Structures are given as C-alpha cells and as structure tokens.
Colleague: 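So that we are looking at the same thing, I have put the structure below in structure tokens.
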2 protein chains.
Amino acid sequence: MTDLPLPIPRSADADASPAPSARDRLLRQATAMFAVKGFTAASTREICEAAGVNIASIRYYFGDKEGLYRETLLGPITEVIHAFGRFDDPELSFEEAMRMFLAPILGVASGHKDPSVQVQVMKLHLREMLEPSPAFRQVVEQTILPAYQALSGMLARHCGLRRPDDDIHQLAFALVAMANDYCQSREMMKLLAPGVLDRPRALEQVLDRLVGYAHALLDHEVGRRQRTAIATAASGRPESTPPS
Amino acid sequence: MTDLPLPIPRSADADASPAPSARDRLLRQATAMFAVKGFTAASTREICEAAGVNIASIRYYFGDKEGLYRETLLGPITEVIHAFGRFDDPELSFEEAMRMFLAPILGVASGHKDPSVQVQVMKLHLREMLEPSPAFRQVVEQTILPAYQALSGMLARHCGLRRPDDDIHQLAFALVAMANDYCQSREMMKLLAPGVLDRPRALEQVLDRLVGYAHALLDHEVGRRQRTAIATAASGRPESTPPS
DNA sequence: ACCACATAATCAAACGATTGATTGATGCCC
DNA sequence: GGGCATCAATCAATCGTTTGATTATGTGGT
C-alpha cells in the first residue's frame, strides 16, 4: 500500500510517447499538486512520490520548491497568452476578437490531450490572484499586463475612444471575470447546475454564450455613453452616473 | 520588539467598545490570516500571536485548527446571505432585485466598520471554490445552494420560464462571477486600472454598473430565446445554438 | 468579612510528526 | 574515468497539538 517502486512505469513505446523524462514528470505532477492543494499544502515529498522521482530532484533541477513553482507558473501562462494571437487586430470584428480571447481561457482547442491540465493551470493563476507570490507579480508585469492592455484598448476602440477610461476598465474586468469563472467555479457549477458542463459540446456552447454576453455588454456600454453625452451636453453637468 | 505582554490593550471605555474577548480577537485575526495566507500557510502560532492569546486557546475554544477555520467560514457567510434579504420577491423589479443581491457581495453598506474584513471573507470563500475543504461543502449545501436557487429562479421568472434551464444557469453564473471578481481581483485591478477602485464613491458606482450589466445580459438572453423560438418554429429543428 | 471550593481562562513548555533542504555515495552511459 | 542522474539518509526548523500548572472569577457557607 505504501511502496510503489516503479520510477519509469511506461516502457519505450513505438513513437507516440517519447517516455517523459524525470524532469517533465516532476513538472507535470507539480502542476497538478499545486493547483489542487496550493503552494504550501503541496509537500515536496508528495509531489516527488507522485512523479516517481527522488526528493533531491527538486534541488537538482529547479534549485528549490519555489523554483519549481515558478517554472510551473511561467510555462503555461505564456502558452495561454500566446494562444490569444493577435485578437486586438483592428481588422477583426468584435465577436471574432472576443472569441479569440475567450477560447484559450476556457481551454477550448487546447494543445494538450488532457483538458484537465489546462483547467489546473487556470486554477493556479486564480489562486495567485488571491494570494500573490513574489514570483507571480513578476509574471503579471511581463505577460498579463500587456495582454490586458490589448484587451482594454480593443474595447475602447469599439466604443469610439482612443484610450480606455475607468468605465472601459470595469467592462474589461467583467468580461474576464465571466471567462475565469468557468475555470474557477467548475466544482460548484457541477454541484448547482450539472447540465451546463456535461453537455456534449459543452465548452463550445459556453463560449458561444460568453461571446454573446460580451456583445450585449459592449452594446450596453456604448448606449450608456451616448445617453451620458447627451445628458451632459443638455445640462452642462459633467456627472458620470446616469441610470444604469 | 518581540514581547507585547498586554492581553487586554484597551481599558474599560464608556460604552462604545465592550473590550473584545480573547475568543473574538482570536476569531478576528484568524479570519484575516486565513484570508491572506490560506489555511495551511497560516500557522496557529502566527494567529495567536497576532491576536495576543496563548496557543492553547485554539484547543480551548475551537478544539483544533480546523474547528477555528470552520467557525471563520460559517459565521460571515450566513451574514452575507442573510443580507440578501428577500431579493427574489416577485414584487421587486429586476434591477431592484439584482441590487439587493449584488450589494452584499461587493460589501456595500456592510455592518462592519472595517470594509477590508468583508473583502477578506469573500476571498476566503473564493479560495474554497478552488480547493473545497470538507467544512466548506457542508456550508455550500446549507446556505449557498438555497441562495443560488433563489437567484436562478428569479432569472427564470424574468425570462418567462417556470423553472431555470441550462442557459439560465449559465447566465446566473456569469452575473455572480462579475460580482465575485471585484473581491477577487482587487489587487490586480489596482495594478492594471487604479482609478476604478480609488474613486470617492467607487463601490456605489461599481454597483450601478453591474446592475446595468445584469439588465443588459437579461435583455440579451430574452431576445436570444425569442429568436430561438422563432427559428425552431419556422424550421422545426430543435437546435439550441443560434448565432450569439 | 472570611475562608473553602469550583469553574473558567490563560500560561509556558514540550510532544511527535512533518516540512524543505542538503549531503555524500551509487549506478550508468558515453 | 568523468560527467550525469538518482538514491537513501539526515539536517534543522516549524508544524499542530497537548499537557500540567497557574491565575482570575465567581459561589456558597458560616
């Protein structure tokens, strides 16, 4: 029950699986462990045992636990952001752009064979938003911030603005929040409304809905700004909160 | 620097502050610690030192660390859900209902003097959605599930349905996600768009926008359903995914 | 008023277990 | 034999928990 002394379970297959190295196994298991249990709760012994490697391998390959964690974070996040592509291309329609932006977050058409890995990585990042580690702040400034600026800039453009203002920022956060929630609240969603995620083409349908939501919110924001502009032009008051 | 041997710092005031007991101090500091560092990362010594109580107090008042954690979770969540009031009252308009529902989540008009406590507690619950503890699942079924059923039921009613279907559930999750995000991504929001949360009436304005978003999404969903109904009636295909 | 007793609350100290990190030796392949 | 990778074993530190004693707060009897 306690001992499973098989460090390399899969033998040399034909060609499909090139027998993942100890480093890769360690990194993969660490991703899963960190996502499920968090940084502190996931012990190095646990991770190494699941990966079938010795405890000293962490020091050997990554220096220490935080180095392993940093690698676990940095790798997939750049992958997702790269998957965005040029979603802020002015040639694209708003729906096309939002679809390009939302699809990688939901994990649609992910490169991995196992879709749960994508979800685990998203959970890791969402956990970091609650409890930012020093490693994460660095990742944010290098990768997430440019992506967010591209999003808010695109939203501003579709609202007829040259630069995003606070209302655009709020709209951007609302859109991102809707997408993130489908990685974050998955367990609760299965508990409260099992049908949404168990349908055959569940993720595609969720993506369709979210794109529709985004369009509705953009139209709402455009309309609100027009009403605000008319109101301020009529009364001369530069107030910023008309009804809804 | 190390020793602060004053277990009861504030002397007997007039009447405003009844000198919080050791149990209350412990509970308050535990809430802050758990919210900031998580369950495992927050050590019992740390919590007790911050609260100015002995380590054995945890065993004395709550049995063990998990008992303290359970109390930390259960208390404020029932408080928030009770603050919803009867938001699903059929007499209310949709905007009135959503305002009653969203305000407690954002922490508007909270009973606490310190608004950061409310945010901390929300972070605790969001963390639990990523890593549900046994204590949390019990809390979900007892308190969150009824509140969610009230929300999805109200949404279904405003869409002309007797019971919520999968599309209503997805709409409900999107609305909750938008509100949760303002507790969850606060740090990142301050980093990416500082103006949104630093305005004088920031929370009230955010609430106004979210209520507007909710209305826009509801209208979008109603329109989508009408278009779907017309399309299926015309072609006879019971498909469920028309464009946006 | 005084003592005896009981309960509640708090304390310092230590328990065993587990943590992340580190060492020096070992097998292996080119 | 010389890098490369892996191993068992152990380090000091910290973890949550527990103990037994000590102080504070009442309570009732005489």
Side-chain angles (χ1 to χ4, degrees), chain A residues 1-12 18-31 33-34 36-73 131 133-135, chain B residues 2-12 18-34 36-73 131 133-135:
Chain A
M1 183 180 177
T2 56
D3 53 333
L4 46 148
L6 47 159
I8 304 178
R10 59 171 60 205
S11 58
S21 67
R23 188 182 186 278
D24 290 338
R25 273 178 295 149
L26 182 54
L27 202 54
R28 178 185 302 265
Q29 287 296 330
T31 302
M33 289 286 184
F34 284 145
V36 173
K37 316 187 67 175
F39 177 75
T40 40
S43 71
T44 55
R45 283 175 174 80
E46 212 174 3
I47 295 173
C48 290
E49 188 175 357
V53 301
N54 190 269
I55 320 174
S57 301
I58 291 182
R59 173 180 165 85
Y60 184 77
Y61 287 112
F62 305 98
D64 58 353
K65 186 185 183 183
E66 193 168 315
L68 171 62
Y69 185 64
R70 198 190 331 271
E71 204 84 1
T72 297
L73 270 184
E131 176 190 352
S133 65
Chain B
T2 57
D3 53 333
L4 48 148
L6 47 159
I8 305 178
R10 58 174 61 204
S11 59
S21 67
R23 188 182 187 277
D24 291 338
R25 274 178 294 148
L26 182 54
L27 202 54
R28 178 186 303 263
Q29 287 296 331
T31 303
M33 289 288 183
F34 283 145
V36 174
K37 316 187 66 175
F39 177 75
T40 41
S43 71
T44 55
R45 284 174 173 82
E46 212 175 3
I47 295 173
C48 291
E49 189 175 357
V53 301
N54 191 270
I55 320 174
S57 300
I58 290 182
R59 172 179 165 85
Y60 183 77
Y61 287 110
F62 305 97
D64 57 356
K65 187 184 183 183
E66 193 167 316
L68 171 61
Y69 184 65
R70 198 190 333 269
E71 203 86 0
T72 297
L73 271 184
E131 177 192 351
S133 65

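This is a predicted model, so every value here is computed, not measured. Each chain gets a letter, A, B and so on, in the order its sequence line appears, and its residues count up from 1.
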Colleague: Among the candidates D:dC15, C:dA21, D:dT6, find the nucleotide nearest to the side-chain atoms of A:I55.
Modeller: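 Among D:dC15, C:dA21, D:dT6, the one nearest the side chain of A:I55 is C:dA21.
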Colleague: Flag this pair as yes if the NZ/CZ of A:K65 is under 6.0 angstrom from the six-membered ring centre of A:F39 and inside a 45 degree cone about the axis; otherwise no.
Modeller: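 A:K65 over A:F39 ring: yes.
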Colleague: Tell me: OH of B:Y61 to P of D:dG16, nearest whole Å?
Modeller: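 Roughly 20 Å, once rounded to whole Å.
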Colleague: Compare every heavy atom of B:M33 with every heavy atom of B:E46, then report the nearest pair and how far apart it is.
Modeller: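 Between these two residues, the closest heavy atoms are O-CE, 4.0 Å.
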Colleague: For the pair made of CD1 in A:I47 and C1' in C:dT19, what is the distance, rounded to whole Å?
Modeller: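 Computing the A:I47:CD1 to C:dT19:C1' distance gives 12 Å.
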Colleague: Tell me what A:N54 touches on the nucleic acid: a base, only sugar-phosphate, or nothing, going by heavy atoms under 4.0 Å.
Modeller: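 Result for A:N54 = base.
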Colleague: Where the side chain of A:Y60 is defined as all heavy atoms beyond and including C-beta, which of D:dT10, C:dT10, D:dT6 is the nearest nucleotide?
Modeller: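 Among D:dT10, C:dT10, D:dT6, the one nearest the side chain of A:Y60 is D:dT6.
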Colleague: So what does A:A56 hit on the nucleic acid, given a heavy-atom distance under 4.0 Å: a base, only sugar-phosphate, or nothing?
Modeller: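 A:A56: base contact, heavy atoms under 4.0 Å.
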Colleague: Indicate whether OP1 or OP2 belonging to C:dT22 is found under 4.0 Å from a side-chain N or O atom of A:R59.
Modeller: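 Result: yes.
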Colleague: Hey, does A:I58 reach any base, or is it just sugar-phosphate, or nothing, if we go heavy atoms under 4.0 Å?
Modeller: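 The answer is nothing, as A:I58 stays clear of every strand by at least 4.0 Å.
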Colleague: Just how far, in rounded Å, is C1' of C:dA9 from CG of B:L26?
Modeller: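 Those two atoms, CG and C1', are 13 Å apart.
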Colleague: Does D:dA5 have OP1 or OP2 sitting under 4.0 Å from an N or O in the side chain of A:R23?
Modeller: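 Negative; the distance criterion is not met.
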Colleague: At under 4.0 Å between heavy atoms, what does B:T44 touch on the DNA or RNA strands: base, sugar-phosphate, or nothing?
Modeller: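 Contact class for B:T44: base.
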Colleague: From the set D:dC15, C:dT19, C:dT10, return the single nucleotide nearest to any side-chain atom of A:S43.
Modeller: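 Among the listed nucleotides, the one closest to the side chain of A:S43 is C:dT19.
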